[in-house]
Amino acid sequence: MFKMSPVNVNATPVYEPPYAKWGKIAVEKTKEQYPQADIIDYLHIGREWKSTNVAVEKFKLWLRVKSGNREFGVFVNVEFEPSTDRYLGISYRETDR
């Protein structure tokens, strides 16, 4: 016999943008790269194509050093293959703005 599960018709659907997976990786890897800092802001800049098979999701994270009052930005580029969702690598570039 077929059994139906209850459905919450009042639940708001959760939208996850296509870059969400890569944003999570950007945050996780940046925390590893800068363990002395907290990430206090996050901006998705956009996607660029490096080649026909490789895309780059670009982010800017704002960090605050835990032991002081220094803040700085880090541009984070996450490279991946869109056809397979395979992570290829990451790069960082610090900025003061």
Asks: Enter the distance from His44:NE2 to Tyr19:OH here, rounded to the nearest 0.5 Å.
Replies: 6.0 Å

Asks: If I take atom CD1 from residue Ile45 and atom CD from residue Glu57, how far apart are they, to the nearest 0.5 angstrom?
Replies: 10.5 Å

Asks: Would a single hydrophobic cluster contain both Val56 and Tyr92, if residues Ile, Leu, Val, Met, Phe, Trp and Tyr are joined by side-chain heavy-atom contacts under 4.5 Å?
Replies: no

Asks: Do Trp62 and Leu43 touch side chain to side chain, with heavy atoms closer than 4.5 Å?
Replies: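 When only atoms from C-beta onward are counted, Leu43 and Trp62 do not touch, as no gap falls below 4.5 Å.
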
Asks: Test of understanding: with salt bridge (Lys or Arg N to Asp or Glu O under 4.0 Å), list the residues that count as partners of Lys60, not counting sequence neighbours.
Replies: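 Once residues adjacent in sequence are excluded, Lys60 has no partner under the salt bridge (Lys or Arg N to Asp or Glu O under 4.0 Å) criterion.
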
Asks: Hey, what do you get for CD (Glu71) to CD1 (Ile40), rounding to the nearest 0.5 Å?
Replies: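 If we round to the nearest 0.5 Å, Glu71:CD and Ile40:CD1 are 4.0 Å apart.
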
Asks: With Lys24, which residues qualify under salt bridge (Lys or Arg N to Asp or Glu O under 4.0 Å), at least two apart?
Replies: Glu16

Asks: Tell me the closest heavy-atom pair linking Ile90 and Ile25, and the distance in Å.
Replies: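 The pair with the smallest heavy-atom distance is CD1-O, 4.4 Å.
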
Asks: Check ring pair (Phe, Tyr, Trp, His ring centres under 6.0 Å) between Tyr42 and all other residues, then give those that pass, not counting sequence neighbours.
Replies: Phe59

Asks: Counting only pairs under 3.5 Å, give me each side-chain donor-acceptor contact of residues 73-84, with atom names and distances, residues two or more places apart or in other chains.
Replies:
residue, atom, partner, partner atom, Å
Glu79, OE1, Lys50, NZ, 3.1
Glu79, OE2, Lys50, NZ, 2.8
Glu81, OE1, Thr84, OG1, 2.9
Glu81, OE1, Arg86, NE, 3.3
Glu81, OE2, Arg86, NH2, 3.1
Thr84, OG1, Arg86, N, 3.3

Asks: Anything under 3.5 Å between a donor and an acceptor, one on a side chain of residues 28-37, the other on a protein residue two or more places apart or in another chain? List them.
Replies:
residue, atom, partner, partner atom, Å
Thr30, OG1, Ala26, O, 2.6
Tyr34, OH, Glu94, OE2, 3.0

Asks: Please list, chain by chain and in numerical order, all residues satisfying salt bridge (Lys or Arg N to Asp or Glu O under 4.0 Å) with Asp38, sequence neighbours excluded.
Replies: Lys66

Asks: Taking all heavy atoms of Pro18 and all of Arg47, pick out the closest pair and write down the distance.
Replies: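 Nearest heavy atoms, Pro18 then Arg47: O-NH2, 4.3 Å.
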
